[in-house]
Number of protein chains: 2
Amino acid sequence: MKNEKAEEIFRKFLKEEKNRITPERFEVLEYALEYDGHFGADDLFILMKNSKSRVSRATVYNTLELLVQCGLLSKRNFGDNISRYESNFKRQQHDHLICVDCGKIVEFSDSRIFNLPEKICNDLGFELDSYSFNIFARCKDKKTCKKS
Amino acid sequence: MKNEKAEEIFRKFLKEEKNRITPERFEVLEYALEYDGHFGADDLFILMKNSKSRVSRATVYNTLELLVQCGLLSKRNFGDNISRYESNFKRQQHDHLICVDCGKIVEFSDSRIFNLPEKICNDLGFELDSYSFNIFARCKDKKTCKKS
DNA sequence: ATTGCTGCAAAACGTTTGCACCTAT
DNA sequence: ATAGGTGCAAACGTTTTGCAGCAAT
């Protein structure tokens, strides 16, 4: 069994928040951490369905929100009005650049951003929860940039 | 008649792109510039419907995209999977802080962000199109922070 | 025993599309 | 004349909800 650490974190979170510990929720966690890259809630549901899982759509949506709340996943939006999730587990802070022509997503880390959200919150009288910084751009190399 | 300058810009854009110049499109422009703050496409459609306008939903959606393309509006997403628009007309560059408790949106300008998207694009081999920088936070002053 | 969670299906929501008619060019 | 835009309604894809049964506490 993999990701024992993540399961541990999730179990602790569920207990603290007085949410029930169910096998379905851990099944969603398993699949979410296994997923390579960003995924929509429905992508995960369909993947699980195809893998003969019996977990329902409602449970997938519900559980993904819980996993965001306990910090194991991040919820992103790349401008197409679909919520996408991404594992935070063992990953460093990063932001996203999306090619508006081919849809490619590049992850980057830039030290100039690191504590900017925190500073801005302090200036404005808020407590930071999270932030999203997306750059929309075009590949300079047109050979590898294919419209889908 | 107000916003002659914006109409001028829109007319020029439509001509250049070989899009037709129709009264419906200018009616959408008029309402969009008049709208105070951020609005969803459907908000605008309903407002226009209530004002006895005969413009259709499809035309509103279509025209708002054109207005984004010609730079008169910005399209934003504040994490709830709804596209929101905002007039760029006579406004300076700014970003948004959204209170996750009460939904309040605060606009801010921070010089540390100004040319960051451009620089990052250069580093990564892309041409900047646009960017979105949203901070999600909580009001420190709980008296003015009401859950909706 | 009590809630809360689940699966399922249906509904809701914002958005897009198909089509027949119309209109700017 | 003709390509493109319009209004309308229906379809779409994602997400949420209602409900009866089930299972964790």
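Partners of B:Glu107 under the salt bridge (Lys or Arg N to Asp or Glu O under 4.0 Å) rule, at least two apart in sequence or in another chain, are B:Arg91. A:Ile46 pairs by the side-chain contact (heavy atoms from CB on, under 4.5 Å) definition with A:Asp42, A:Asn50, not counting sequence neighbours. For B:Lys143, there are no salt bridge (Lys or Arg N to Asp or Glu O under 4.0 Å) partners at least two apart in sequence or on another chain. Taking A:Glu65 as the reference, A:Lys75 meet the salt bridge (Lys or Arg N to Asp or Glu O under 4.0 Å) condition, with sequence neighbours excluded.
For the pair B:Asn77 CG and D:dT14 P, the computed distance is 15 Å after rounding to whole Å. For the pair B:Phe45 CZ and C:dC13 P, the interatomic distance rounds to 15 Å; values are reported in whole Å. Put simply, NZ on A:Lys18 is 17 Å from C1' on C:dC5, counting in whole angstrom units. Put simply, CG on A:Asp80 is 14 Å from C1' on D:dT15, counting in whole angstrom units. B:Phe10 places its CZ atom 11 Å from the P atom of D:dG5, with the value rounded to the nearest Å. In this entry the distance linking CZ of B:Arg54 with P of D:dA9 reads 12 Å, nearest Å. Across the protein-nucleic acid pair, A:Arg76 atom CZ and D:dT14 atom C1' stand 20 Å apart, rounded to whole Å.
Considering only heavy atoms from C-beta on, A:His94 stays 4.5 Å or farther from A:Phe108 through its side chain.
Formation of a donor-acceptor pair under 3.5 Å by the A:Asn88 side chain with backbone atoms of A:Gly71 is found in this model. Here the side chain of B:Asp43 pairs a donor or acceptor atom with the backbone of B:Gly40 at under 3.5 angstrom.
Side-chain N/O atoms of B:Lys49 include none lying less than 4.0 angstrom from OP1 or OP2 on D:dG7. Between D:dT6 and B:Asn62, a contact under 4.0 Å exists linking OP1 or OP2 to a side-chain N or O. When the side-chain nitrogen and oxygen atoms of B:Arg25 are compared with OP1 and OP2 of D:dG5, one or more of them lie within a distance under 4.0 Å. One finds no side-chain N or O of A:Ser56 lying less than 4.0 angstrom from the OP1 or OP2 phosphate oxygen of C:dT6.
Remark: the A:Asn81 side chain and the B:Asn77 side chain contain an N/O donor-acceptor pair separated by less than 3.5 Å. No hydrogens or angles considered: nothing links the side chains of A:Glu24 and A:Thr63 as a donor-acceptor pair under 3.5 Å.
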Fill in: Sugar-phosphate or base contact per nucleotide [nucleotides 15-25 of chain C; S, B, -; heavy atom under 4.0 Å]
BBB-----BBS

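Rotation axes derived from the C1' atoms of the five outermost pairs at either end of the helix from C:dA1-D:dT25 to C:dT25-D:dA1 lie 40° apart, to the nearest 10°.
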